[in-house]
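Note that the structure is predicted; figures quoted are calculated from it, not measured.
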Amino acid sequence: MDRVQVSQDNLVFCAGHFMIFPQGSEPLHGHNYRVAVALEGELRDDMVMDFIALKRLVKALVEELDHRVLLPAEHPRLRLRIEEDQVEAEVDHKRYVFPLEDVRILPIPNTSAEWLARYLAGRLRARLPEGLRLHALEVEVEESFGQRAIHREVLHAAAATP
């Protein structure tokens, strides 16, 4: 089994968020997130996947989140209302109003590094070119130095196309 990994200084995104905990929500704040991706699989044309193509895919994904406020669409206590060109978010007696263009509403229950890694893994998996012989993919999201979450997916043999 072979493994390729990309983690570069340009695979970053700066974003605002707040976590929603059982006891309340934290203040709105931001991180300079760094993303790394690894693919495990069998060689095809002497490589698991072309590095340049993989870097382009990951860069496009992080650019979608860069300089945005990240909001979780699936948290039961967060109420989101979209009206014309703005998003209103209400949680725990806090109310935020953001310009719609500055927000990314993500299909996740919270904006933890763990959920962001899962989200990015799903988006990456959907965009990978056909014909790869992958057995696993891994996405790492570092929210600050020394603090990172890693999501690893073992892909079924049926998902790896010959």
Where the side chain of [X] meets the backbone of [Y], is there a donor-acceptor pair that is under 3.5 Å apart?
| X | Y | value |
| --- | --- | --- |
| Asp102 | Arg68 | no |
| Lys59 | Asn10 | yes |
| Ser112 | Trp115 | yes |

[X], [atom1] atom: more than 12 neighbouring heavy atoms under 6.0 Å:
| X | atom1 | value |
| --- | --- | --- |
| Ile52 | CD1 | no |
| Phe21 | CZ | yes |
| Arg56 | CZ | no |
| His29 | NE2 | yes |
| Glu84 | CD | no |

Value for CD (Glu140) from OG (Ser7), rounded to nearest 0.5 Å, stands at 7.5 Å
CG (Asp2) and CZ (Arg44) are apart, to the nearest 0.5 Å, by 15.0 Å
Can you name the nearest heavy-atom pair linking [X] to [Y], along with the distance?
| X | Y | result |
| --- | --- | --- |
| Met49 | Pro129 | CE-CD, 3.7 Å |
| His151 | Ala117 | CB-CB, 3.8 Å |
| Glu153 | Ala121 | OE2-CB, 3.7 Å |
| Ala113 | Glu143 | CB-OE1, 4.1 Å |
| Val141 | Leu116 | CG2-C, 4.2 Å |
| Gln5 | Phe51 | O-CE2, 3.7 Å |

Arg3: side chain to side chain donor-acceptor pair (under 3.5 Å) partners, not counting sequence neighbours: Glu40, Glu138
For Ile105, what are the other residues in its hydrophobic cluster, where any two members join if their side-chain heavy atoms are less than 4.5 angstrom apart? Phe18, Ile20, Leu28, Val69, Leu71, Leu78, Leu80, Ile82, Val87, Val91, Tyr96, Phe98, Leu100, Val103
Ignoring hydrogens and angles, state whether a donor on the side chain of His135 or Glu42 is under 3.5 Å from an acceptor on the partner side chain. yes
Salt bridge or not for Arg127 and Glu64, using N-O below 4.0 Å? yes
Would you say the side chain of Leu65 lies within less than 4.5 Å of the side chain of Leu106, judging by non-hydrogen atoms? yes
Using the side-chain contact (heavy atoms from CB on, under 4.5 Å) rule, pick out the option among Asn32, Leu61, Leu70 that qualifies with Phe13. Leu70
CA sep, side-chain torsions, deciding dist, call: Arg104, His17, side-chain contact (heavy atoms from CB on, under 4.5 Å): CA-CA 10 Å; Arg104 289 293 177 261; His17 85 125; over 6 Å; no
